[in-house]
Amino acid sequence: MSRRVVIIGGGAAGMSAASRVKRLKPDWDVKVFEATEWVSHAPCGVPYVVEGISPKEKLMHYPPEFFRKKRGIDLHLNAKVVEVEQGQVRVQEKDGEHKYEWDYLVFANGASPKLPPIEGIDLKGVFTADLPPDAVAIREYMQEYDVKDVVVIGTGYIALEMAEAFVAQGKNVTLIGRSERVLRKSYDKEITDIVEAKLREHLNLRLQELTIRIDGKERVEKVVTDANEYKADLVVIATGIKPNIELAKQLGVRIGETGAIWTNEKMQTSVENVYAAGDVAETKHIITGRRVWVPLAPPGNKMGYVAGSNIAGKEIRFPGVLGTSITKFMDLEIGKTGLTESEALKEGYDVKTAFIEARTKPHYYPGGKKIWLKAVADKETNRLLGLQAVGSDVLPRIDAFAVALQAGFTVKDLFFADLAYAPPFAPVWDPLIVLARVLKF
């Protein structure tokens with residue numbers, strides 16, 4: 001019997017869910033409603049489009065026609081879902097409002113920028129950097145006006161990546177944050193100290209300053225904080241995001257303790273035949289078992305895959321997340337997986353830590369660079385809890401450690417991990433192995 005599946009949101013999670021249902025149930029009617037004209041888009045690529053190293057068209061993994069013709073998905077773009085009821089959605093489209101019926105519903109409508117209460121936020125030249133249209137708008141603004149001074153407000157991943165995009169174009173960049181250090185929620189101080197030193201080489205870093213207002217006549221001219229004021233031809237606000245839960249609330253779907261939609265391991269919500277996936281949904285942390293909201297692309301895609309599988313009758317469970325993530329500022333790579341020391345202490349663990357500086361290649365082989373690693377382990381059981389890394393060649397260490405965490409490795413297991421070695425790639429004692437040795441087992 002053919003079923004009707006409605007998916008709200010055509011981003012990573014939504015299109016993964018739609019594609020999975022159609023793969024397993026080709027005769028089912030699968031409709032996706034996406035509020036923008038972008039589908040299967042990559043918000044993570046926004047800073048790189050702003051920087052000019054990637055054309056905006058490439059931010060769509062597949063063009064809309066691919067999903068319609070190749071996968072048989074009834075994809076509606078510029079289609080804003082305005083009301084959700086049991087068995088029905090009301091959608092605002094170019095030719096007016098329409099109602100569509102559903103047997104299964106998936107919330108995959110992501111998250112939106114959290115805007116601080118700053119006066120002048122609506123001025124021309126003030127942007128967020130959340131979705132592909134933002135990248136296009138920023139590029140067009142820079143073509144229209146002579147942008148020399150840029151202010152980025154925020155101290156998280158997006159703020160750093162956007163700051164890099166303007167530094168790389170030779171702009172005079174000021175990065176303003178009200179917290180005492182950058183990436184404060186994701187990294188311990190040993191790591192952020194190195195990041196801040198790098199930032200100061202390239203931009204004006206202003207920490208522990210509260211932005212009060214943005215001034216300008218026709219368009220933005222300056223940013224005023226509680227300590228100073230800064231000339232600005234363009235402002236990017238990157239002060240975090242919040243899940244889009246308003247539509248789910250209309251249906252009485254349970255909102256979890258994190259503020260995102262509560263889901264079980266099958267991505268089912270509290271309402272029968274209703275699922276949630278991606279940045280709008282919460283999940284659990286693999287180490288602590290606690291409910292967490294980790295709005296990142298890799299888990300978002302997998303959540304969509306899991307939701308689509310279960311809707312189509314193929315049972316599969318999403319195990320949770322470790323919060324594995326990576327970014328960079330200029331040539332400094334920054335990554336983490338699992339818990340930081342401060343997170344582990346907050347969770348009640350008795351921890352031991354190690355912080356080392358190492359090189360990515362043997363001293364006699366050219367091209368070796370510095371890498372700093374900090375590991376956290378449970379003092380009693382020796383179980384690994386997390387890794388933070390900064391420097392060069394960070395990704396392979398983070399990824400290897402993420403797999404070790406998911407497998408429940410102890411410090412000793414990590415020490416005896418059979419990692420590859422040859423002088424062009426790594427030292428004979430890989431930094432991860434040295435780290436395990438310093439942690440002691």
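As the structure is a prediction and not an experimental result, all values here were calculated from the model. Computation of the quantities below employed the complete heavy-atom set of this structure, encompassing side-chain atoms and omitting hydrogens, waters and symmetry-equivalent molecules.
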Distance-only polar pair, side chains of D331 and S392, donor-acceptor under 3.5 Å: no
Side-chain (E282) to main-chain (T258) donor-acceptor, under 3.5 angstrom: yes
Sidechain-backbone polar pair: T269 side chain, V274 backbone, donor-acceptor under 3.5 Å: yes
Polar side-chain atom of Q250 near backbone of V84 as donor-acceptor pair, under 3.5 Å: yes
Main-chain N/O of L332 paired with K198 side-chain donor or acceptor, under 3.5 Å: no
Any donor-acceptor N/O pair, E343 side chain to T340 backbone, under 3.5 Å: yes
H76-E34 side chain donor-acceptor pair, cut-off 3.5 Å: no
Under 3.5 Å donor-acceptor, E341 side chain and V376 backbone: no
SB check E190 K374 (cutoff 4.0 Å): yes
Carboxylate-amine/guanidinium contact R68 E65, below 4.0 Å: yes
R71 NZ/CZ over Y62 ring centroid, <6.0 Å and within 45° of normal: yes
Cationic N near anionic O, under 4.0 Å, R4 to D29: no
Main-chain N/O of N382 paired with D378 side-chain donor or acceptor, under 3.5 Å: no
F107-Y275 aromatic ring centre distance below 6.0 Å: no
Lys/Arg-Asp/Glu bridge criterion (N-O < 4.0 Å) met for D226, R178: no
Audit row: R397, D399, salt bridge (Lys or Arg N to Asp or Glu O under 4.0 Å) steps and yes/no: CA-CA 6 Å; R397 275 89 199 185; D399 279 351; over 6 Å; no
Side chain proximity check, T337 to L405, heavy atoms < 4.5 angstrom: yes
R90 side chain to E83 backbone, donor-acceptor under 3.5 Å: no
Centroid separation Y305 to F318 less than 6.0 Å: no
Check: T155 and R181 side chains under 4.5 Å, non-hydrogen atoms: no
Residue pair T327, E161: steps toward the side chain to side chain donor-acceptor pair (under 3.5 Å) verdict: CA-CA 8 Å; T327 189; E161 289 165 5; 2.5 Å; yes
Presence of salt bridge, E257 and R290, under 4.0 angstrom: no
Worked check of ring-ring contact (aromatic ring centres under 6.0 Å, His included) between F409 and F401: CA-CA 9 Å; F409 267 34; F401 207 98; 9.1 Å; no
Under 3.5 Å donor-acceptor, K336 side chain and I326 backbone: no
Check: E209/Y230 side-chain N/O donor and acceptor closer than 3.5 Å: yes
Note: K328-E164 ion pair, threshold 4.0 Å (strictly below): yes
Residues E315 and R317 bridged, charged N to O under 4.0 Å: yes
Donor-acceptor contact present, side-chain E333 to main-chain D393, <3.5 Å: yes
SB check D27 K25 (cutoff 4.0 Å): no
